Amino acid sequence: MTAIKAYAAYDAETPLKPFSFERKDIGEKQVQIEILYSGVCHSDIHTAKGDWGPAIYPLVPGHEIVGKITAVGSGVTKFKVGELAGVGCFVDSCRTCHSCKAGDEQLCDEGMTGTYNSYERGTKTPTYGGYSTSITVDEDYTLHISDKLELSGVAPLLCAGITTYSPLRYLKVGKGHKVGVLGLGGLGHMAVKFAASFGAEVTMLSHSPSKEADAKKLGAHRFALTSDPKVMESLANEFDVILNTVSADHDYNAYLNLLNTNGTMIIVGIPSTPAVIPAATLVMKRRSIMGSLIGGIAETQEMLDYCAEHNITSDVEVINMDYINEAYERMNKSDVKYRFVIDMASLKQ
Ligand code: NAP
Ligand code: ZN
Ligand code: ZN
């Protein structure tokens with residue numbers, strides 16, 4: 001067993017606090033990773049606060065993990081000690097269902113094993129995430145990380161990056177497409193970077209007027225303030241694709257009306273209240289709504305390689321571990337530029 005320092009939510013109400021636990025000895029096909037940076041995703045907040053139902057407490061969040069391999073099991077062939085490695089939102093899946101075989105392990109029929117708030121397959125041992133000093137993961141669920149990019153900016157690619165890259169690729173977004181990105185936070189800022197990089201014309205749809213200059217720096221061609229009814233009216237039937245990253249409850253219909261004929265709204269944000277959508281909103285313009293969940297291991301590696309080649313990283317505010325509760329409060333107020341990333345050295349001190 002290895003003793004691990006971490007931060008955990010002990011319940012849905014109180015702030016996160018220090019927590020210690022033990023990880024099992026490294027298995028034959030596992031790698032042990034010393035965590036250097038861990039990104040802070042809004043899903044960490046939803047889970048810790050019980051927005052999606054009761055969590056397994058104490059809960060150690062964190063599924064945007066980068067670090068250095070410190071040990072490998074005897075059967076490991078893909079990684080060596082000393083190499084950089086990444087872990088995203090899941091650490092295992094059934095490996096045999098249609099989705100797993102197709103490389104969509106995140107959509108596993110039996111449910112993926114989450115990096116946190118799950119149990120290790122076939123056991124009652126909870127999985128603990130990246131707000132911790134070290135993690136042990138099967139090599140098949142571990143990603144290779146290039147040493148070309150600034151590591152703190154790479155961590156958010158493991159969730160915010162793949163969650164926005166995957167559906168844009170699925171819809172073959174590129175030159176000639178008009179894309180609206182709804183919500184400029186962790187996911188939204190990566191969506192702007194990818195959509196612009198793929199050649200689309202990108203409009204930032206935001207309810208925060210202060211983010212206009214940043215949206216343009218990130219690659220958006222236009223900024224539209226969604227709280228201004230005149231702006232919303234002027235954008236009716238405008239977009240081929242809207243990537244909806246909003247974390248809070250909101251009216252989908254106002255944004256569906258901005259889709260042109262055959263337009264698609266990709267839902268990646270996961271508010272807790274179900275939405276009501278009148279049939280006519282979809283029927284009258286042959287619009288559709290699709291959901292998308294992160295991405296499989298092979299596609300995540302493809303995305304990481306794409307980022308290394310095109311020099312794409314997340315814009316981050318690096319924080320110490322003990323700033324986490326303030327970071328959560330700021331994210332709930334949409335005050336993040338554009339991803340908090342924990343420097344795990346601050347937990348080791
Ligand atoms: P985030 O960094 O906190 O950003 C969310 C953004 O949503 C805010 O910055 C804000 O942008 C907008 N927003 C917040 N409250 C709003 C409101 N009341 N009305 C309108 N807009 C509002 O969150 P994130 O980490 O990007 O995550 C976003 C969502 O995606 C969360 O629900 C998360 O759980 C989910 N998620 C899903 C997946 C998946 O695989 N599907 C993966 C990761 C995360 P503006 O200030 O620009 O309006
Ligand atoms: Zn996430
Ligand atoms: Zn499966």
Side-chain angles (χ1 to χ4, degrees), residues 1-23 33-67 86-91 113-120 124-137 151-153 155-156 158-160 163 185-187 247-248 269-272 294 314 316-349:
M1 298 293 245
T2 309
I4 306 287
K5 279 188 176 182
Y7 253 59
Y10 286 77
D11 54 52
E13 282 82 36
T14 54
L16 273 66
K17 287 192 280 286
F19 172 62
S20 306
F21 68 99
E22 291 190 320
R23 291 204 195 267
I33 302 165
E34 178 198 359
I35 302 176
L36 299 175
Y37 292 101
S38 191
V40 181
C41 177
H42 210 110
S43 300
D44 301 350
I45 305 178
H46 288 306
T47 310
K49 302 296 170 202
D51 289 351
W52 299 332
I56 304 166
Y57 298 109
L59 173 88
V60 177
H63 58 206
E64 296 184 335
I65 298 167
V66 293
V87 180
C89 300
F90 57 96
V91 290
T113 304
T115 303
Y116 59 80
N117 201 36
S118 277
Y119 293 102
E120 291 176 11
K124 277 284 155 202
T125 308
T127 56
Y128 294 119
Y131 300 2
S132 63
T133 44
S134 164
I135 191 166
T136 305
V137 183
L151 262 197
S152 58
L158 275 306
C159 175
T163 300
L187 267 54
S247 51
I270 314 176
S272 47
I294 40 178
S314 170
V316 300
E317 181 175 336
V318 177
I319 59 171
N320 286 344
M321 188 70 254
D322 61 8
Y323 187 74
I324 191 66
N325 295 300
E326 276 115 311
Y328 279 14
E329 272 173 40
R330 283 182 52 194
M331 284 168 77
N332 281 330
K333 289 189 277 190
S334 303
D335 175 20
V336 51
K337 290 184 168 182
Y338 280 92
R339 197 56 138 188
F340 290 112
V341 171
I342 307 158
D343 179 351
M344 295 319 304
S346 65
L347 183 58
K348 284 164 209 153
Q349 282 154 15

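Since the model is a prediction, treat every value here as computed from it, not as a measurement.
- Atom CD1 of residue Ile65 and atom OG1 of residue Thr115 lie 5.5 Å apart, to the nearest 0.5 angstrom.
- Between Tyr7 and Ser38 there is no side-chain heavy-atom pair separated by less than 4.5 Å.
- For the atom pair CG of Leu36 and OG of Ser152, the computed distance is 10.5 Å after rounding to the nearest 0.5 Å.
- Distance check, rounded to the nearest 0.5 Å: CG of Leu187 to OG of Ser314 gives 10.0 Å.
- For the side chain to side chain contact (heavy atoms under 4.5 Å, CB included) criterion with Leu59, the lone passing option out of Thr47, Leu16, Asp44 is Thr47.
- The CZ atom of Phe21 sits 11.5 Å away from the OG1 atom of Thr125 when rounded to the nearest 0.5 Å.
- Under the side chain to side chain donor-acceptor pair (under 3.5 Å) criterion, the residue pairs touching residues 51-67 are His46-Asp51, Glu64-Arg339, with sequence neighbours excluded.
- Within the 4.5 Å cutoff, no side-chain heavy atoms of Val40 are placed close to those of Val336.
- Every pair passing salt bridge (charged side-chain N to carboxylate O under 4.0 Å, His left out) that includes a residue from residues 321-331 is listed here, sequence neighbours excluded: Glu317-Arg330, Arg330-Asp335.
- Separation of the Tyr128 and Phe19 ring centroids falls under the 6.0 Å cut-off.
- Residues Leu158 and Cys89 fail the side-chain proximity criterion, which asks for heavy atoms closer than 4.5 Å.
- Pairing each heavy atom of Lys49 with each of Thr14, the nearest pair is NZ-O, 4.0 Å.
- Distance check, rounded to the nearest 0.5 Å: OG of Ser134 to CD1 of Ile35 gives 6.5 Å.
- Expressed to the nearest 0.5 Å, how far CD1 of Ile324 lies from NZ of Lys17 amounts to 14.0 Å.
- Under the 4.5 Å side-chain criterion, counting only non-hydrogen atoms from C-beta, Leu347 is not in contact with Tyr131.
- You'll find the side chain of Thr133 stays beyond 4.5 Å of the side chain of Met344, heavy atoms only.
- Ser132 contributes a side-chain N or O that, together with a main-chain N or O of Gly129, makes up a donor-acceptor pair within less than 3.5 Å.
- Minimum interatomic distance between Ser118 and Thr113 (heavy atoms only, all atoms of both residues): OG-C, 3.6 Å.
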- Start with the C-alpha gap between Ser346 and Asp343, add the side-chain angles, then the distance that decides, and say whether side chain to side chain donor-acceptor pair (under 3.5 Å) holds. CA-CA 6 Å; Ser346 65; Asp343 179 351; 5.6 Å; no
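- For the pair Ala12 and Gly50, the tightest heavy-atom approach, listed with the atom from each and the gap, is CB-N, 4.4 Å.
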